[in-house]
K.L.:
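Attaching a single structure in structure tokens format; questions to follow.
Only heavy atoms go into these numbers, but all of them, side chains included; no hydrogens, no water, no symmetry mates. Because the structure is predicted, anything quoted here is derived from the model rather than measured.
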Amino acid sequence: MKIIIDNVNALVEFDNETEKQAEWLCDYLHRSIDILDPDRFHQASFIRYRTWDGYTKNAVKNKDGNLVVKTGLISKMYKAIARLQEKAPSVRYTVKDIRGDRIEPCEEIPEKIYLDSGSEDSSFYLHDYQREQVVTIFNEQRGYILSAVNSGKSAVAYETFKLAVPNLDSDDIALFIAPNKNIEKQMLKNMALYLDYPIGEWADGVKDIQKVTVATIQTIASAIKKPEIKVTSRKDILLTHIATVYSKDIIDSVNPRSTLRHLIRNFVIEYKYQKKELEYLSELYNSLNNDEEVRETFVGFNNQYRELVDRLSGGKATKYWDAISVLKRVKVLFVDEVQHAGSTSYKNVLGLMNNARMRIGMSGTVPKSKENDINAYLGDQLSDITNDSMIKMGVSTPISIIPVVYNTPDNLEEIVTNEMAEANVPVDNGLFRYQFVNRIGIVENSSRNKYIAELATKLSDLNNGAVYIAFNNIEHGENIAEFLDELGTDYVIMQGSTSDEERQEILKGLVSGDVRVILGSKVLDEGVSVPTLKYLLYVSGGQSEIQVGQRVGRILRLGSGKERVYVYDFQDHNSTFLYKHAKARMKLYKQENYPIIDI
């Protein structure tokens, strides 16, 4: 076997193996590297048609019978091969690394790293663990930092860019991808403080690409959507197939003319039009004398195809080609809130950055079900800084968990069954039943919502920190707000529809102490720093490890007069679903070594 590694994929070529051996090795490595997809039972290809084996697709066989493995999983592949070699010592492989030169720091990493903004108020020294993360990033070049919400991951990104960018070539760029525009705006502002480079922006209708650029995943994912065109003439169809099916492998090859010859010799004609393609490729091979001529010719095909797409799309393809061009320039990549990186939009974007030698992810929590996909596109976990360790180091505020057991109505299951029957919904359908339980037991539960409002009011009246009521459903937040109105309690609501200007005013009010109760949806889960938050009322139910970690992390930041913070977790024991979720959250708290106070 020969393993050729680039920044996105590792190609496992079978040279001395028989066809049967190659097929067996492909299957063995695929099942060793990939995992069973957690969503396989929702896919007809698995449960009905059986055309898919149910495993993820990070190690797949290509049309040539070779195996394509995501580069982030090569350590897993090497381990799988080593296990095989214990039983079959004759299995051998060579490695060819074509990822390019490593990204090295422009100077020796200081023992004490100081981020200077030009002002004492916003300048600071990194903690020792942050320096270790910077060192690890340059040593490993790729992977993800698993570090608690309050651990200062952004500062690690600033210092890495500061050390890496001076060594980049003139056309290379460093890209920071944010999960939403709030974090993007925050990073854009902060990078301008700590980096001596023009900071570009690619988000929210703005495209200003600079040496260091901050972008949102939504903007990039939209930009790389290829416009649909209809090709009709035989000439254009032939050009399209050559440019989209064959040219990449030939252009990227070390020996383009040999690759073209290999393609011709192994060409399988399945459709009538492919006979013309084979004839044309053969003519090209006979007329082109060396590798340079072959590469230039196929680059020309790509340029012609681009002109064709531009013409047929009425110029709409320009946005697409420009986006692809920018992504090819990325040499240093940081992805924030990397727990999302297993989604299709992230995979599509990360898969296009063939030159991104350094690719680093950051997150406070990565669920087990997402680890393999995140490893595939970024690499292995590089560090693990927990909330418990942050508290012990004095970087985060000590915390106590207070379970609030709530059992009203005590016949919730009976009410749900009756309402499902009246709505002609199968009472044994788990998904529908949970939706009814959530609506009746949480969102529209007036007695529960009133109790939440009363508790928030009492805590607010203590006047020693802000109260954060975390909800998922907008209607739920509005229902709680109605009871706060009845009690005469001042509050604000932040949700997806809240404008940027309103959000900034709300955050200023929280910092100044003018806002003492905030009802927040998922928009508060990521990238918001509010040191005045002292009390979290976790009233939304659910068992998401990511959401629990992010919401608890919002109140852990050090603040004036904050000696301890408190989470009031509403434990609903009147439903099988809600009780199960409540137990799951308690398990997460115990894993973090948070003290639990029974009242």
K.L.:
Between Arg131 and Glu111, is the closest basic N to carboxylate O distance under 4.0 Å?
P.N.:
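Yes.
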K.L.:
Just checking, any donor-acceptor pair under 3.5 angstrom between side chains of Asn58 and His30?
P.N.:
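No pair is found: no donor N or O on one side chain lies under 3.5 Å from an acceptor on the other.
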K.L.:
side-chain contact (heavy atoms from CB on, under 4.5 Å) between Tyr535 and Arg516: does it pass, once the steps are laid out?
P.N.:
CA-CA 10 Å; Tyr535 304 101; Arg516 285 157 54 184; over 6 Å; no
K.L.:
With ring centroids as reference points, do Tyr451 and Phe483 lie under 6.0 angstrom apart?
P.N.:
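Centroid distance Tyr451-Phe483: not below 6.0 Å, so no.
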K.L.:
Name all pairs fulfilling the side-chain hydrogen bond (donor to acceptor under 3.5 Å, both in side chains) condition that reach into residues 397-406, sequence neighbours left out, sorted by first residue then second.
P.N.:
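Listed by first then second residue: Ser400-Arg564, Tyr406-Ser447.
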K.L.:
Which heavy atom of Ser383 sits nearest a heavy atom of Ile145, and at what distance?
P.N.:
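Scanning both residues, the minimum pair turns out to be OG-CG2, 3.3 Å.
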K.L.:
Verify, without hydrogens or angle tests, whether Ser123 (side chain) and Ser117 (backbone) share a donor-acceptor contact under 3.5 angstrom.
P.N.:
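Confirmed, Ser123 side chain pairs with Ser117 backbone.
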K.L.:
Check the surroundings of atom NZ in Lys562: do more than 12 heavy atoms from other residues, nucleotides or ligands lie under 6.0 Å from it?
P.N.:
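It does: Lys562 NZ has more than 12 such atoms within range.
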K.L.:
Hydrogens and angles aside, do Asp514 and Ser512 bring a side-chain donor and acceptor to less than 3.5 Å of each other?
P.N.:
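Ser512 and Asp514 do have a side-chain donor-acceptor pair below 3.5 Å.
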K.L.:
If we ignore angles and hydrogens, is there a donor and acceptor under 3.5 Å between the side chains of Ser363 and Gln339?
P.N.:
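Yes.
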K.L.:
Before you tell me yes or no, could you show the steps for Arg448 and Asp572 under side-chain contact (heavy atoms from CB on, under 4.5 Å), namely the whole-Å CA-CA distance, both residues' side-chain angles and the distance that decides it to 0.1 Å?
P.N.:
CA-CA 10 Å; Arg448 186 179 186 271; Asp572 301 280; 2.9 Å; yes
K.L.:
Quick check on Lys347: does its NZ atom have over 12 non-hydrogen neighbours (other residues, nucleotides or ligands) under 6.0 Å away?
P.N.:
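Buried by this count: over 12 neighbours within 6.0 Å.
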K.L.:
Take Ile518 and Leu533 through the side-chain contact (heavy atoms from CB on, under 4.5 Å) test and state the conclusion after the steps.
P.N.:
CA-CA 9 Å; Ile518 179 169; Leu533 291 177; 4.1 Å; yes
K.L.:
Side chains of Tyr346 and Asp373: do they bring a donor and an acceptor to under 3.5 Å?
P.N.:
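Looking only at side-chain atoms, Asp373 and Tyr346 do not form any donor-acceptor pair under 3.5 Å.
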K.L.:
Centre of Tyr468's six-membered ring, under 6.0 Å away, within 45 degrees of the axis: is that where NZ or CZ of Arg554 sits?
P.N.:
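Geometry flag: not set, cation outside 6.0 Å or 45°.
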K.L.:
Check whether any side-chain N or O of Asn387 sits under 3.5 Å from a backbone N or O of Ala148 as a donor-acceptor pair, and report yes or no.
P.N.:
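Checked: no pair found.
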K.L.:
Looking at Phe124, I want to see if its CZ is surrounded by more than 12 non-hydrogen atoms of other residues, nucleotides or ligands under 6.0 Å.
P.N.:
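For Phe124, atom CZ is crowded (more than 12 foreign heavy atoms under 6.0 Å).
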K.L.:
Compute whether any side-chain donor of one residue and acceptor of the other, for Ser75 and Asp380, lie under 3.5 angstrom apart.
P.N.:
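Result is yes, a qualifying pair exists.
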K.L.:
Any donor-acceptor pair under 3.5 Å linking the side-chain atoms of Gln547 with those of Asn472?
P.N.:
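A pair is found: one side chain offers a donor N or O, the other an acceptor, under 3.5 Å apart.
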K.L.:
Does one side chain, of Thr457 or Ser460, offer a donor that lies under 3.5 Å from an acceptor on the other?
P.N.:
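Side-chain D/A pair, Thr457 to Ser460: absent.
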K.L.:
Quick test of your reading of the model: are Lys587 and Glu592 salt-bridged, counting only N-O distances below 4.0 Å?
P.N.:
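So Lys587 does not pair with Glu592 through a salt bridge.
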K.L.:
Under the salt bridge (Lys or Arg N to Asp or Glu O under 4.0 Å) rule, collect the residues that match up with Arg439, sequence neighbours excluded.
P.N.:
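For Arg439 the salt bridge (Lys or Arg N to Asp or Glu O under 4.0 Å) partners, ignoring immediate neighbours, are Glu419, Glu444.
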K.L.:
Does Asp569 have any salt bridge (Lys or Arg N to Asp or Glu O under 4.0 Å) partners at least two apart in sequence or in another chain, and if so, which?
P.N.:
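Counting only residues at least two positions away or on another chain, Asp569 forms a salt bridge (Lys or Arg N to Asp or Glu O under 4.0 Å) with Arg585.
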K.L.:
Within the distance-only criterion (no hydrogens, no angle test), does the side chain of Thr532 pair as donor or acceptor with the backbone N or O of Leu510 below 3.5 angstrom?
P.N.:
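Such a contact is found between Thr532 side chain and Leu510 backbone.
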K.L.:
Please determine, by modelled atom types, if Asn9 and Thr71 share a side-chain donor-acceptor pair under 3.5 angstrom.
P.N.:
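Checked: Asn9/Thr71 side chains show no N/O donor-acceptor pair below 3.5 Å.
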K.L.:
Counting only heavy atoms not in Asp490 (residues, nucleotides, ligands), do more than 12 fall under 6.0 Å from its CG?
P.N.:
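Count not over threshold, so no.
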K.L.:
What is the minimum heavy-atom distance between Asn473 and Glu475, and which atoms define it?
P.N.:
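Heavy-atom minimum between the residues: OD1-N, 2.8 Å.
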K.L.:
Are Phe46 and Phe41 close enough that their ring centers fall under 6.0 Å?
P.N.:
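Yes.
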